[in-house]
Amino acid sequence: MKPFTRWLAGMAGAAALGLSGTAQAEKEPIKFALLQDFTAVYTFVTDEYHQGQRDYLRLVNETGGIEGHMIETIVRDTANEPQRGLEAYNRARREGAVLVDFFSTPVSRAAVNRVLSDEVVMITALHGRGDASEGETFPFVFPMMATYWSQATVLADYIDQHQGGLEGKRIALVHIDSPFGREPIPVLRDLAEKKDFELRAFAYPSPGTEQSATWSDLRRYRPDHVIIWGAGGGQQVSVREAIRNGIRQENILSVVWLAETDARNVGGNHMNGVKRFEAVGTGTDHPIIQDIMEHVIEPGRGQGSANNVGTTYYNIGVATMAVAVEAARLAMQEFGAPLTGEKLRDGFRMIENFDARGMMPPITITADDHQGGGYGRVSAWNGEAWEPLTDWYAAHQDIVWEEIEKDAAGFREGR
Amino acid sequence: MFYRLSGIKHTRYASSRALWPVTADRRIMQLLVALALLAPFFLSDLYLTSYMLPWLIWTAAALSLTLLMGMAGQLHFGFAAVLAIGAYTSIHLTRAGVPFEFALLGAGLMSAFIGVIFGAAALRVKGLYLVMATLAMQYLVEWVIINVPAISGGAQATLSTPDVTFLFMPLQSDASLYYMALLWTVVVTLLLLNIKRTSFGRALVAVRDKDFAAAVIGVDPVRYKLLAFFAASFLGGVTGAILAFCYYQAVTPEQFGFNVSIQLVAMVLVGGLGSVIGAYLGAGFVLLLPIVLTNVLAFLATYEWIPISFNLIAHIPLMVYGALIIGVLLYEPLGLAKIYDNLRKYFVVWPFRHTQS
Amino acid sequence: MQNTASQTAPVADAGQPLLELANVEVIYDKVFLAIKGVSLKIHKGQMIALLGSNGAGKSTTLKAISGLLAPERGLVTRGALSFQGQDMLSLSPPKRVARGLVHVLEGRRIFEHLSPEDNLLAAYATRGSRQRYQELKEQVFNYFPRLKERARSKAGYLSGGEQQMLAIGRALMTEPELIMLDEPSLGLSPLLVQEIFQIIREINKEQGVSVLLVEQNAAAALEVVDYAYLLENGHVVMSADAAVMRENPDVQEFYLGGSGKVDYLNVKHYRRRKRWLA
Amino acid sequence: MTKTQEIVGQQTVLECEEVCRWFGGLQALKGISLTVREGEIFGLVGPNGSGKTTLVNAVTGFYPPQQGSIRFLGEPINGLRPHRIAQKGIARTFQNVALFKGLSVLDNILLGRHIFMRPSSLASLFYWWWAQKEEVAHRVKVEEVIDLLQLESVRDEPVDVIPLGMQKRVELARALCAEPRFLVLDEPMAGMNQEEKEYMVRFILDARDAMGVTMLLIEHHMDVVTAICNRAVVLNNGEKIAEGPTREAINDPAVVAAYIGKTQDAA
Amino acid sequence: MDIQFLIELIINGALTGLMYSLVALGIVLIYKSSGVPNLAQGAMVMIAAYLIWMFAHLLGIPIVFAILLAIVGMFLFGMVTERLLLRKMVGQPIIMVVMLTLGLESLLRGLGPGLLGASPKSLDLGLDMMPIIVGDVFINREYLVGGIIGGLMVAGALLFFRTRIGTKLRAVSDDHVSSWSVGISVERAVAISWGLAGISAVAAGAMWGSVQGVDWTLTALLFPAVAVVILGGLDSIYGVFVAGLIVGILGSVIPGYVDPLVGGGTRDVVTSLIILLTIIFRPHGIFGREDIERV
């Protein structure tokens, strides 16, 4: 039996070595784990988002890395399944990843406790727990962009400021029936009370590809504005149904998940005028994107189709990595190599007014505030591109923070 | 070889029904148990917590389902919902201050009682229709969990497991979580092995094979169908609780979705319907294969050995997984357990080629 | 009754047989050897019985001929099968039917959810003419008038005897040269068995269709057939004219129940051995 | 004949009174009455579709009669579910062998002891302290029946690989293990040749003698019926057309016309 | 109560339901001939939609021809699938067959999005997006076209089963071995039904792809389609039509009134309940055949 056991152990060891082996650079590389959902629920965004992340990291590496340290990525598909995400996470952690991005709400939620105890930085831009903005409770989790609550307040505030005020209006929230879809409801309720408007929520079942009954009902409610709150295929269905049911385009406002693809899918010029919350600028007119074009895309080192460069989700991907690299740079400057999760966390907390050279709102992350200020802007589809209608701004952060505090307290109690 | 059938004879009824009458089998079992017990000492925490631990827990879940699908012949495509009921019950109980040991019991009972409602459909229909009925119930349970914040845990729909102890052992370290899971899986395994050789198991099989013939020898088909659902759901509920406390440590509704139900069925079938060892093999196959494939492909991709887009690379495990399920079912409908059995028989009669049975 | 068989019996052994099995061996599931080298011949117009106890391999032999082993994971592993001089083993079951070889399965197996009429239509060749279909249908209804009465009800609601008739009628729709019947008497009352055997005999004579009859009920079968094979344990142990077979003392004792003179109340637990196994 | 007559007592085991059963619009049983006395072998014959199996199904609880009453040992049993009836002491075999394919011969026969056992999943969990004793105790009884029916050679075989004749015997063994007062045999000799038939008759008689079981026998083989049945009832079209001592019942002209046919000698 | 609201819910629900029937039809065709419950039908719809998209948008073929090409492609795909996979499962327990189709589903879900891209694609059939307005009732034009096509496909299938080949298919659906024994080529019959299911997948893929875009979420159509199939009866084509209407209407009317009260999307709850209640009270569905079973 003994030789067999030894053989078994040998095989296992070899497999482990083989799977974990990565190329050695001169200076110790920094490892970012991008363990995302490429095959299931988040396919509508992962492709472009991930491409943006990889292209940006390539750009960083092409231009000397962080203080000479190259950034290595550990990429896995988790298929949105927590157990696969956790395995990938444990493996990545063992390989020395200091930052992890699941880009999947269920996986991020399942991993929260672990990253907190393992002291690995987890970024949860535009997904995951909104209350992780509370840096004291979630020291290693960084939403670093506007949470859904902040998005809802910005959208409501836009109506308030630019579309004839909120008072006395009927606002309809059409949302996917999931925790994500219901997330803005408490904040909007508070706002409704404060601003004296009427709010009604309409839920449709996931994945939201068929919503006709919801909209027949909604039309009879005669709302002044409709906020659509879904993701993926359901979004373009919502837009179509809204237009079909006589909601004027300019009165349709969307959560951040509305992009070029959706405009294409809605077809024609039907989506012109539809508004959305925007966390990161779109298009290729940003210096950072120009750099990527020059150093990465043109030499043919891009991750995917060059057509995707500059799309909404691509740019969001770029922005997440820009923030992360900035944090790593700050941490390395301050504490020196090797980079650890703890140092990286502190690096994040040193970020001040970082705007990725104008592509995103200037964010400031502190030990208390991991959201970075909750900035965003509203943009509208003009038939070809998303056109910003406002400057970067944040609204009603007091209400948002009330919600953050409440849920963070819940988390400390085990929720 | 190490298998030797000669010299094994039974002079007492009890010994003829032993679990492992063949000495070599018994030795292998002892070895495996020893390895399992020592695992925390020689396995790195990655393999312990990301492979062994989920594998054991999913095996327990697959075994629970085996009791229902394999032995009692009642198909169940909503077993993830049963696990979910157990997980949520145990968390709410422990948060209410109930000791973990009793919370496990409560989880099992709650799952068992709701599981019996699932079983009510089995009194009317079987086969494909039962598949559909349980599938619909899975959806209903999921919907209730998602839509009742008091169950799912408010806006974030997440509940973390509180720190607990089991028989004075705090469940915090990787090793303690592992031993907890191991203990439960061993209990479930023994239970299933013994059910197979006692009147309870025989009655289940009788109802499965021919319920009318079971009735004429005094087995109440209704009762045993419901008992099967009760017992399997009880085991499933406790397994769900173990899954929550020992592995996820925070539960969300997505962890118990429809695809998990399908995976559990796949474990049972690919492993070999009704086989205990099959549940182990099937759980390993279904749970770990996509992970290993993903890792192998990612490894190859790191060196750019496969010049295809990452989108395609990411989808390959899905294809291979599907293809392998198809492959196993086509090649050996009795599953991995049968393949193992063939191998074993080969060694039993080695160096000869033919087997007697 | 007793004499009909011997009167019509002798179809000369000369000439090429319609169907010939040479040393056919069948294995189920790659392990279980069901028949071990069965050889038999049927000439045109003959009516032949294949007798034997349960598990002797009678049904397997029929399935090997009609090609229906596959659904039960059976395989012809050795031997030859020719029909009208052509090799059959390589052909799929429907092709064998097209050549004129039809198999009426044990337990009837009619299309329960179709009407008897649709049962007949389903069995009729895809490319056949409408007119020929009507002719054949009339012919079937002539043999089995009871079916005509119930032509449009659900076949599953027919009685056992009617279902057996439908199964035979359905087989006739394929315009067979050889019709193989697997236990047509199974579960039928003695009266019905007689009726059905008579009709089979009529079909055999009037249509010139050869018949291969597999039967447990040796007494009934030997009354109508010309020639019989006796199968035991996957081997042919005896073959003879029906009359000869009927007179054989072993056959009488083991298959005919000693002309019904068994004293069941005093049956012993052991028996003398059959001569052909000695 | 003398031997069997001694066994027949005067106590009534089964009593059916005006039993009726409809399926949809079809009346399958049109008021059947019969009485089976202790110790006898009672024949139930008739053409296919005459209602024999339906009657048996009514007695064993599968299709409870819509009208009429069935009493077992004086106690009404119509309306009881099959397993309750089984627990009262009625066992049966099926026309198409109904064994449990997933189990060995031994386990099939052990299942016959089910009504005497206390099955529980907890007992299985604590097998060594709880269930093992029970298993061994019942095994003893089972081995007796295995001996009686000469099934030693196939004891450990999976039940679906043994020959049909053996399977029928296993089914009989399973029924006998329940130690029934009354045993219904539904065509135990269908599809058997002469030799197997004789064996089966022997085992039926042995079982009756050894265990004192009253039996109801459905059979198409008239020679067997006339030889071993004390009395018989002939059904046709859901009606009783003859009743009485076997030979008389079968030679009744109505029976010959409807069932036996003119050419065959009934004996 | 707003009667126009009710009418709108009923009409759009009915049309949606008929579009579900397009998916359900494939399941019934296959089940009828081979007794295989094809849980990969949703994935086949997805593959069909990907094929149309590939032909129309990637290769620039006019949409009509793209659909025709997809029909040829899916017909062949159906036949090949049957030939390579399902034919070997004859005689296996139903659960094995179910699992096999689920394995196939996984395979297809990897194949389509893996090769052609996972992000959602748009499929433009050239249908006007604006609704037909009758009074205060808005009728979705895409659903109207889809509903009509659904109705036509079902009618076509019904006619097909009355032909001589159709009779043989019905015979095959009754008993394979017995069909074989009288010279019906079971393989061909089953392969044809898979091919037909492939064609109905193209119709479903075109319509649903146009409505919701082409990506893996099309596989989720399986769930309502299963409800249709269960309610109508697994082997009843007529049932597909009627049950499609019922599932569609109930799935529209009930959520229309209940959703505002419970604040959740109850359509799938309705769908689940339809499945469950059908199975409990009438397992063989409205038109499915009750199997004749005797003890």
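Chain letters run A, B, ... following the sequence lines, proteins first and then strands; every chain starts at 1.
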Which of [options] touches chain B most, by non-hydrogen pairs under 4.5 Å:
{"options": "Leu116(E), Leu108(E), Thr266(E), Leu234(E)", "answer": "Leu234(E)"}
{"options": "Thr271(E), Leu100(E), Ile94(E)", "answer": "Leu100(E)"}
{"options": "Leu276(E), Val97(E), Thr278(E), Leu39(E)", "answer": "Leu276(E)"}
{"options": "Asp268(E), Leu273(E), Leu102(E), Val262(E)", "answer": "Asp268(E)"}

Return yes if some donor-acceptor pair links the side-chain N/O of Trp208(E) with the main-chain N/O of Met19(E) below 3.5 Å, else return no.
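Judged by distance alone, yes, a pair lies under 3.5 Å.
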If only atom types and distance count, is the side chain of Asp215(E) paired as donor or acceptor with the main-chain N or O of Ser119(E) below 3.5 Å?
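Not confirmed, Asp215(E) side chain does not pair with Ser119(E) backbone.
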Check step by step if side chain to side chain contact (heavy atoms under 4.5 Å, CB included) holds for Leu264(B) and Leu83(B).
CA-CA 11 Å; Leu264(B) 286 168; Leu83(B) 297 185; 3.9 Å; yes
Report which part of [X] has an atom under 4.5 Å of a heavy atom belonging to chain B: side chain, backbone, both, or neither.
{"X": "Ile95(E)", "answer": "both"}
{"X": "Leu86(E)", "answer": "neither"}
{"X": "Val269(E)", "answer": "both"}
{"X": "Phe281(E)", "answer": "backbone"}

Taking all non-hydrogen atoms of both residues into account, name the closest pair between [X] and [Y] and its distance.
{"X": "Trp194(E)", "Y": "Ser34(E)", "answer": "NE1-OG, 4.2 Å"}
{"X": "Ala266(B)", "Y": "Met99(E)", "answer": "CB-CE, 3.3 Å"}
{"X": "Val98(E)", "Y": "Pro37(E)", "answer": "CG2-CG, 3.6 Å"}
{"X": "Ala283(B)", "Y": "Thr59(B)", "answer": "CB-OG1, 3.5 Å"}
{"X": "Ala225(E)", "Y": "Val23(E)", "answer": "CB-CG1, 3.6 Å"}

Look at the rings of Trp53(E) and Tyr50(E) and say which category their plane angle falls in: under 30° parallel, 30 to 60° tilted, over 60° perpendicular.
perpendicular
Salt bridge present between Glu187(E) and Arg87(E) (N-O < 4.0 angstrom):
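No, Glu187(E) and Arg87(E) are not salt-bridged.
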Chain E contact residues among residues 71-80 of chain B, heavy-atom distance under 4.5 Å:
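When heavy atoms of chain E are the reference, residues 71-80 of chain B contributes Leu75(B), Phe77(B) within the under-4.5 Å range.
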If the contact rule is any heavy atom under 4.5 Å from chain E, which residues of residues 326-337 of chain B qualify, in numerical order?
Ile326(B), Leu329(B), Leu330(B), Pro333(B)
Thr101(E)-Asn38(E) side chain donor-acceptor pair, cut-off 3.5 Å:
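Absent: no donor and acceptor within the cut-off.
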Evaluate Arg267(E) against Asp259(E) for salt bridge (Lys or Arg N to Asp or Glu O under 4.0 Å), listing each step before the verdict.
CA-CA 8 Å; Arg267(E) 196 196 57 227; Asp259(E) 275 8; over 6 Å; no
[X], part contacting chain E, at a heavy-atom distance under 4.5 Å:
{"X": "Leu123(B)", "answer": "neither"}
{"X": "Val125(B)", "answer": "side chain"}
{"X": "Ile146(B)", "answer": "neither"}

Tell me, out of Thr134(B), Ile325(B), Leu140(B), who's got the most heavy-atom pairs with chain E below 4.5 Å.
Leu140(B)
Most contacts with chain E, counted as non-hydrogen pairs under 4.5 angstrom, among Gln138(B), Lys210(B), Met132(B):
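Of the options given, most contacts go to Met132(B).
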Report, as yes or no, whether the 6.0 Å neighbourhood of atom CZ on Phe287(E) holds more than 12 heavy atoms from other residues, nucleotides or ligands.
yes
Answer yes or no: are there more than 12 heavy-atom neighbours, outside Tyr224(B) itself, under 6.0 Å from its atom OH?
yes
Should Tyr280(B) and Trp58(B) be marked as a ring pair (Phe, Tyr, Trp, His ring centres under 6.0 Å) after you check the CA-CA gap, both sets of side-chain angles, and the distance that decides it?
CA-CA 8 Å; Tyr280(B) 279 84; Trp58(B) 255 276; over 10 Å; no
Is the distance between the ring centroids of Phe230(B) and Phe113(B) under 6.0 Å?
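Between Phe113(B) and Phe230(B), the centre distance is under 6.0 Å.
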